[in-house]
Amino acid sequence: MEAAERPGLAEDPRPVIIGRDPRQAPRAIVTTANDAARALGIHSGLSAAIALKRAPNALFLPPRRDVYERYSARVMAVLREASPLVEQNSIDEAACAWSHGFESGAALALRARILAETKISVSLGIATSALVAKMASEAAKSRTDHVVVVQPGEEAAFLAPLPVRALVGIGPKAERRVVALGITTIGDLAARPLEELVAQFGRAYGRYLHEASRGIAETELHAERTSKSISAEHTFSTDTTDRHVLWAELHDQAEEVAGRLKQEGLLAGHVAIKLRYANWQTFTRQVRLPQPTDDAETLSRGAAMLMRRNWDRTRAIRLIGLRAGKLVEADHVRQLVLPFE
DNA sequence: TCTGGGGTCCTAGGACCC
DNA sequence: TCTGGGGTCCTAGGACCC
């Protein structure tokens, strides 16, 4: 997206890193990086300080979420024109109902249209389920045409050669456990009996691995889901025990979360704090609110109470966060509450 | 100079009830 | 006087995703 915004950036030979400059923000991380930076072992999630060591001449560009959201909205608008049902999963990903069959022509045309109208280059995967289509779109990223179609019935065969880490839901921890069982590809995983996977990984996850690895996934798309939680958090550039700093941060976070609750027409039944100490030990504590609320002061007071009860004041804090949970729709609650007022 | 921020889902353990 | 079993709700922690 930065390349769409900044003429010449795509041709810049330097390593380009989307992420705050660690000389200004010592705890920044890399959001994404161009090919020149990746060639030096720089990838998203890496500490920006380490990235700077690996590429002292790198160009750091701070992430501009507002800009990306504008581009995202434009791309999603094109998708909504092209499909009757669009399930937006993140700022840069959506699953769409697709009525143009399992050949690549219409997908190539859609990609060309998105590029022409928004300057954004997208990758598309076509398959019988959102899960397989998502993995197909990942595979499409390394193709020149940026489109991969998985024919109905070919899901398992498409997945089989991929490394287990490519399966959605297998992260670094699960990868290690799975590989320790001698399973390295999704095909290996698909060959294991359900009972073994359930015994190893628990009921829900074992069943998921068994089905997903065979390309069995839900085929329905879901329209807009309402938020289940809204949160804000902040990592300090140096750890702090200063209660004025901490309370001020919580207060700001309460304002921000309350604003977003109001925007979405939701009320919070719970407020929670999150603390991370210098050694990365992380705590969350939540409390039920007397009544569902979108009031910043109420959230802030609840969070401050949780802090007083749970923060070990001898320990400096690296991260503090506030989360509103147990969300309910404000309209619904008003209907219930008004008759008693 | 190691590790952001905003989310979802699952699990385990305890409280509580019958 | 030693201790069942099932169901539900709640809390906290952790894995994962982008």
Side-chain angles (χ1 to χ4, degrees), chain A residues 1 17-32 41-54 56 60 62-63 65 68-69 72 87-95 130-131 134-135 137-138 141 164-178 198 201-209 212 222 225-239 249 252-253 256-257 260-261 264 266 269-289 306 309-310 318-327:
Chain A
M1 289 195 194
I17 294 169
I18 306 301
R20 300 181 65 198
D21 189 322
R23 285 159 289 204
Q24 277 109 56
R27 287 175 168 171
I29 60 146
V30 174
T31 298
T32 188
I42 293 165
H43 53 85
S44 66
L46 185 73
S47 140
I50 291 176
L52 179 61
K53 276 199 194 166
R54 292 186 186 169
F60 283 87
R65 212 181 153 79
Y68 310 149
E69 267 164 10
S72 174
E87 180 182 314
Q88 184 175 350
N89 295 319
S90 72
I91 192 165
D92 71 347
E93 183 187 303
L131 178 78
K134 175 182 164 70
M135 295 179 65
S137 78
E138 285 298 324
K141 285 182 188 173
V164 284
R165 184 67 172 83
L167 187 63
V168 176
I170 296 189
K173 305 269 176 164
E175 179 187 25
R176 259 178 269 142
R177 293 179 60 194
V178 166
V198 168
F201 299 101
R203 231 165 74 97
Y205 192 48
R207 189 165 299 174
Y208 169 78
L209 292 177
H222 308 281
R225 293 173 302 182
T226 57
S227 306
K228 300 197 165 172
S229 68
I230 293 176
S231 65
E233 63 184 57
H234 178 69
T235 297
F236 298 107
S237 51
T238 55
D239 303 337
E249 179 62 33
D252 287 353
Q253 291 175 348
E256 150 136 27
V257 168
R260 285 163 53 204
L261 285 169
E264 296 191 34
L266 296 170
H270 280 167
V271 63
I273 57 165
K274 174 171 168 182
L275 293 182
R276 176 169 292 152
Y277 291 119
N279 69 352
W280 207 254
Q281 197 178 13
T282 306
F283 291 91
T284 59
R285 289 293 180 272
Q286 67 178 52
V287 66
R288 174 161 225 153
L289 296 164
L306 289 167
R309 284 191 193 167
N310 294 288
R318 175 190 180 93
L319 171 150
I320 192 166
L322 182 151
R323 180 173 57 88
K326 197 132 180 137
L327 305 186

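Convention: sequence-line order gives letters A, B, ...; per-chain numbering from 1. These numbers come from the heavy atoms of this one structure, side chains and all, not from hydrogens, waters or symmetry mates.
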Measure from [atom1] on [X] to [atom2] on [N] and round the result to the nearest Å.
X         : N       : atom1 : atom2 : answer
Leu322(A) : dG5(B)  : CG    : C1'   : 14 Å
Arg203(A) : dC10(B) : CZ    : C1'   : 12 Å
Asp239(A) : dC2(B)  : CG    : P     : 13 Å
Ile29(A)  : dG6(B)  : CD1   : P     : 12 Å
Leu52(A)  : dT1(B)  : CG    : P     : 10 Å
Arg225(A) : dT8(B)  : CZ    : C1'   : 8 Å
Ile17(A)  : dT3(B)  : CD1   : P     : 15 Å
Arg54(A)  : dC2(B)  : CZ    : P     : 13 Å

So how far is it from [X] [atom1] to [Y] [atom2], rounded to the nearest 0.5 Å?
X         : Y         : atom1 : atom2 : value
Arg285(A) : Leu275(A) : CZ    : CG    : 9.0 Å
Ile17(A)  : Ser44(A)  : CD1   : OG    : 11.5 Å
Asn89(A)  : Arg225(A) : CG    : CZ    : 6.5 Å
Arg323(A) : Gln286(A) : CZ    : CD    : 6.0 Å

I'd like to know if the side chain of Arg27(A) pairs up with that of Ser237(A) as donor and acceptor (distance under 3.5 Å, no hydrogens or angles considered).
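Ser237(A) and Arg27(A) do not have a side-chain donor-acceptor pair below 3.5 Å.
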Can you find a side chain N or O atom of [X] that sits less than 4.0 Å from OP1 or OP2 on [N]?
X         : N       : answer
Lys326(A) : dC10(C) : yes
Ser229(A) : dG6(B)  : no
Thr235(A) : dG5(B)  : yes
His234(A) : dG5(B)  : yes

Touch class at under 4.0 angstrom, heavy-atom based, for [X] against every strand present:
X         : answer
Ala232(A) : sugar-phosphate
Ile230(A) : sugar-phosphate
Arg20(A)  : nothing

Determine the Euclidean distance between corresponding C1' atoms of dC16(B) and dG4(C); express it in Å to zero decimal places.
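The answer is 16 Å between these two C1' atoms.
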Without swapping roles, check the side chain of Glu87(A) against the backbone of His222(A) for a donor-acceptor pair under 3.5 Å.
yes
Which label fits Phe236(A) and His234(A): parallel for a plane angle under 30°, tilted from 30 to 60°, or perpendicular past 60°?
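It falls in the perpendicular class, over 60°.
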Taking a pair to mean Watson-Crick or G-U wobble geometry with both distances below 3.5 Å, dC18(C) pairs with dG5(B)
Lys228(A) or Ala48(A), whichever maps to the more 5' nucleotide of DNA chain B:
Ala48(A)
Starting at the 5' end of DNA chain B and moving along, which residue's nearest nucleotide shows up first, Pro22(A) or Thr31(A)?
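In this pair, the answer is Pro22(A).
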Could you work out which one of dC2(B), dT1(B), dG5(B) sits closest to the side chain of Glu233(A)?
dG5(B)
If a protein heavy atom is under 4.0 Å from the base, mark B; if only from the sugar-phosphate, S; if neither, -; do that for nucleotides 11-18 of chain C going 5' to 3'.
SSS-SSSS
One pair to check against side chain to side chain contact (heavy atoms under 4.5 Å, CB included): Asn310(A) and Phe283(A). What are the steps and the verdict?
CA-CA 9 Å; Asn310(A) 294 288; Phe283(A) 291 91; over 6 Å; no
